[in-house]
Amino acid sequence: MNQPASAYFMEERHDPSESHTLSVLVQNEPGVLARVIGLFSGRGYNIESLTVSETENQKHVSRITIVTTGTPMVIEQIKHQLDRMVPVYRVVDMTLTGRSIERELAMVKLRGTGEHRVEALRLAEAFRARVIDATTESFVFEITGNSAKINQFIDLMRPLGLVEVSRTGVAAIGRGAEGM
Amino acid sequence: MSDKSHDPNQMTGAAMIVRALIDHGVKHIFGYPGGAVLPIYDEIFQQSEVEHILVRHEQGAGHAAEGYARSTGKPGVVLVTSGPGATNMVTPLTDALMDSIPLVCITGQVPTHLIGNDAFQECDTVGITRPCTKHNWLVRDVKDLAKVLHEAFYVASTGRPGPVVVDVPKDVQFATGTYHPPRKSDVHVSYAPRVKGDATQIRKAVALLASAKRPVIYSGGGVINSGSEASKLLRELVEFTGFPITSTLMGLGAYPASGKNWLGMLGMHGTYEANMAMHDCDAMLCVGARFDDRITGRTDAFSPGSKKIHIDIDPSSINKNIRIDIPIIGDAANVLGDLLQVFKAEAKKPDIRTWWQEIAKWRARNSLSYKKNSDIILPQFAIQRLFEATRGRDVYITTEVGQHQMWAAQFFGFEEPHRWMTSGGLGTMGYGLPAALGVQVAHPDSLVIDIAGDASVQMTMQEMSTAVQYELPIKIFILNNQYMGMVRQWQQLLHGNRLSHSYSEALPDFVKLAEAFGCVGIQAIKPGDLDGAIKEMISVKRPVLFDCRVAALENCFPMIPSGKAHNEMLLPAEANDEATAAAFASGKALV
């Protein structure tokens, strides 16, 4: 059976965790992000990544993209819990639809000289990262891609003098002509 | 008055609030004044359509409004001030959220220019109440006020009902704006609860029920919340199918306790027959209940051989704790109506005589039995006598939380919905007394009894003063065992009988306390005195504190021990020290 052993007698849960990307369309009004985040913290759900911005200015609609992990039962709960909030229009599980594109933007700062600088530039080109700031001893790269690509780029930069990283978190959209 | 005084819809925010209450048919509100709601209280003073009941503590206002709402089916309304007024409402709001009770709570707030300034009696009301409301609003501009108030009533009372908070800064109460009556566009377009069940799912459910050999119906508070039509249809379904029915604590009264298919309440302190039927059934029809941990016991051993149908208006209730085979999202009355129609038209009711024979064997175990005593009043006996004395009367029962609550659920028979008010989800000690106030306000001529415990009742005792002020003849029937009985029971069963702080060493003299409040105190000590004392309590047309001295160490059985399944109940006859110790070994971690 695919359910926790007991609701109040805490035992190990053996269900495998899955990562899901959820797109949530909400009315952009004060407190709406706090509601969503409060739901996650209050019910003990995970947030791996969260991005939010107004997408339809006229209608005051914002789009929240959340990457979360949990057992299939918990993921289903998260979607229903989000969907029943008063200012939530729609919740779409981009992972379940299987037809979505996910992108993240990262800015990666490096400090170094000599061979490290050359190597960093060479790798940046391979990853299609752009230099958006440079001094004689540093670079800031801008890189866009899915999370795995960005993780890989950061890993490669580490021995070359990585200073810090700023990431936007994941934004997702469905393929094809249809909107969500 | 402003220059636009010729326009009747031009008014202050405070006046809008009172006007909105009137437009939503509100007759009574429960509240407590303070600095940030003075303009609203000024408006209340100058009208007579809405009666304000002044409580003694904001928590009392909240529970009173809950009692009012549950006994009428209409939203209860609360008005409290900013800061402590709002924070004192957190318990009733959470209580109402857990039990799906419609409440509209209006809170005052410091003026908008002081918000965030740590002003006197300021708190982040919408922040604090966000997790304990269905929705909440801070109204920063008087032009939004009418819309928000109307939406608040709509959200509280539709879909899965629940509490809402409208936080209104004092300057918005003073500001003048244009009021409009309720209209459809007041509500978020994103809020649209589903009422009608999916026809295909309903057909599947009927097919499953019609082929069942061991069916059971498990109903809950959602049937009560849906309105009297849902209870009527539930009864019709039971009558038509001949299926056995059990119910949660919250659902008592939807099907009559005197009905022949009634198995009694299920769950931790439910009857043996109800829990065994749940465990051994092959088809379960859950209507408006949520598979709460007090119901399921050990979830991996919960009703292992059954296919499960779940009717609920809230999709997040489905598949939360238990895997459901046929979910049906919709309002209980609506779905039950459709289901019954399809059943009658397309299916034959199954032959379940052998199932009833099995149930009869479980019933014969007589799981609610207790040893009679002629010297000391047993709490179960007290409730049975109270039930007998009030049978056939127009009676409403509220409770506090603990052993007395479970005994009330076990031994008081409820024939109708909306007659039983108890704090089920949150388990709020101190709920019953103010809830009884609210019920009595809504039903001034009915008999309203709070079955209480000596510990719980002291949490909101101050509201007896409210009862006296408004001549509300509530009866507080205290099963006084001088313990926090349920805490003690768990300490006995799970913590080596170390009774840490569960004994009240200094109880008040409840009879004298009653007199101090200006109400009537009655005491019963011997079983022989009980009937006469109850009769006196009922005949007195004033608020009564009834001090019923009961056996101090009586415990509540039957019981599903911690981490155990429905078929591992501990029955009263078997609850000797050894069996109890064995049953509860390793169960400390539960709540």
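What you are looking at is a predicted structure, and each value in this text was computed from that prediction instead of being measured. Numbered from 1 within each chain, the chains take letters A, B, ... in sequence-line order. Reckoned from all heavy atoms, side chains included, excluding hydrogens, waters and symmetry mates.
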Given a strict heavy-atom distance threshold of 4.5 Å, which part of B:Val155 is in contact with chain A: side chain, backbone, both, or neither? side chain

By a 4.5 Å heavy-atom criterion (distance strictly below it), what part of A:Val86 contacts chain B: side chain, backbone, both, or neither? both

Is there a side-chain contact between B:Ser190 and A:Met85 (heavy atoms, below 4.5 Å)? no

Can you confirm whether A:Arg103 is buried at CZ, in the sense that more than 12 heavy atoms of other residues, nucleotides or ligands lie under 6.0 Å from that atom? yes

Given a strict heavy-atom distance threshold of 4.5 Å, which part of A:Arg84 is in contact with chain B: side chain, backbone, both, or neither? side chain

For A:Ala34 against B:Arg130, the heavy-atom pair lying closest together: CB-NH1, 3.0 Å

Closest approach of A:Glu76 to B:Ile318 (non-hydrogen atoms, all atoms of both residues): OE2-O, 4.2 Å

Check each atom of B:Arg160 against the heavy atoms of chain A and say whether the ones under 4.5 Å are side chain, backbone, both or neither. side chain

Counting heavy-atom pairs under 4.5 angstrom with chain A, the leader among B:Asn136, B:Val187, B:Val189 is B:Asn136

Look up atom CD in A:Glu29 and atom CH2 in B:Trp137, then write down how far apart they are to the nearest 0.5 Å. 9.0 Å

Under 4.5 Å from any heavy atom of chain A, what part of B:Pro131 do you find: side chain, backbone, both or neither? neither

Correct closest heavy-atom pair for B:His135 and A:Pro87 would be CE1-CD, 3.6 Å

Do you know which of A:Gln77, A:Arg35, A:His80, A:Gln81 has the most heavy-atom pairs with chain B at a distance under 4.5 angstrom? A:Arg35

Does any part of the side chain of A:Met73, heavy atoms only, come nearer than 4.5 Å to the side chain of B:Lys320, both counted from C-beta? no

Residue A:Met107 excluded, over 12 heavy atoms near CE under 6.0 Å: no

Is it the backbone or the side chain of B:Asp314 that comes under 4.5 Å from a heavy atom of chain A, or both, or neither? side chain

Flag yes if more than 12 heavy atoms outside B:Lys307 fall under 6.0 Å of its NZ atom; otherwise flag no. no

Counting only heavy atoms not in A:Lys149, do more than 12 sit closer than 6.0 Å to its NZ atom? yes

When rounded to the nearest 0.5 angstrom, what distance separates CG in A:Leu39 from OG in B:Ser316? 9.5 Å

Positions in residues 116-133 of chain A that reach chain B, provided some heavy atom is under 4.5 Å away: none

